[in-house]
Amino acid sequence: MNAQVRPLAVPLLLHGYAVSNYFNTLRQALLEKEALFDIVRLRAGRDEAFLSRSPMGKIPYLQTPEGTLSETLPILEYLEETESGAPLYPNAPLRRGRTRQTMNIIQLYLDVPMRRLYPGVFSNAALNSAETLQAVAAQLEVTIEALRRLLVFKPYLLGDTLSCVDLLALYIVDVGDRVTRCAYGWSLIERIDGMRDWARLMQQRESTQVVAAEFVAEFQNYLADKCAPYRQEQGGGIFAPPPRLPTAAAA
Ligand SMILES: N[C@@H](CCC(=O)N[C@@H](CS)C(=O)NCC(=O)O)C(=O)O
């Protein structure tokens, strides 16, 4: 894709906040592209002003000099077409198609079903019913099998260069691993050979460290607010801080 650089040095404005895996994906893409951008920290909303910018009432959305855009995958494509930084999609049409295919699978068949379990994992307001647990588990098995076929870990998910798939998967797999451990007692990351080493590689990137630091801090507050059954101290995911060892005085 040819970058059509915006003529004016007007910063893009990324709206959302660091608990959102989609916000974190876009923030990291902007950092990787060394784009000129600022962040407007806000939660999802449904008032008229919010819906005029993000019609589904969701974060993240991007304010550009030409207008606003919501939905992470189209925003990633917009950045690819307008920013001159490092490409995040391959050029060859089939490989570009596979990049989009894999992102669709990760969003629709991994993230969306797992969200059905958020109430019983990240908030103590409701329990997940046995039917929901069973239905989501069945979908996750199909998705895990698909990802085993698609991901190559060479060393990035689809080849030897970083792509949008790595940025999308990073935050969805992090939260997903916490969810499967808490809801089912198994680790999403460990179910896919190569995923743990890839996660370690991704953690070394400067852009990951910037985004993950704010995510971990904000997520801690979010879990406390919701009195969530899951706590970061239980570990899991890619970014959960390591469990604290007992101090000598406490031992
Ligand atoms: N398909 C959307 C998903 C965005 C999404 O699920 N955002 C969540 C936060 S991670 C949200 O705004 N939830 C609030 C709501 O649905 O009311 C995208 O690609 O950006």
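For the numbers below, each heavy atom of this structure counts, side chains included, while hydrogens, waters and symmetry mates do not. Start at 1 with the first residue, then count along the sequence. First listed ligand is number 1; within each ligand, the first listed atom is number 1.
Using a 4.0 Å cut-off to heavy atoms of Ser20, the atoms of ligand 1 that qualify are 9 (C), 10 (S). Within the listing of ligand 1, atoms 20 (O) sit less than 4.0 angstrom from a heavy atom of Pro60. Heavy-atom proximity to Ala44, at under 4.0 Å, picks out these atoms of ligand 1: 12 (O), 14 (C).
For the residues Thr72, Asn24, Ile59, the heavy atom positioned nearest atom 4 (C) of ligand 1 is part of Ile59. Counting heavy atoms only, Arg115 comes closest to atom 6 (O) of ligand 1 of the residues Gln107, Arg115, Met103, Arg43.
In this structure, the protein non-hydrogen atom closest to atom 2 (C) of ligand 1 is Glu71 OE1, 3.3 Å. When hydrogens are left out, the protein atom nearest atom 15 (C) of ligand 1 is Lys58 NZ, 3.8 Å; that is the closest non-hydrogen contact.
Close placement of the Phe122 and Phe219 rings is indicated, their centers lying within 6.0 Å of each other. For Tyr61 and Phe50, the distance between ring centers is under 6.0 angstrom.
Cation-pi check for Arg191 over Trp186 is met; the charged atom lies under 6.0 angstrom from the ring centroid and within 45 degrees of its normal.
Side-chain contact check for Tyr22 versus Gln107: some heavy-atom pair is nearer than 4.5 Å. In this structure the side chain of Leu79 reaches within 4.5 angstrom of the side chain of Leu62, judged on heavy atoms.
Atom CG of Leu147 is separated from atom OH of Tyr109 by 12.0 Å, given to the nearest 0.5 angstrom.
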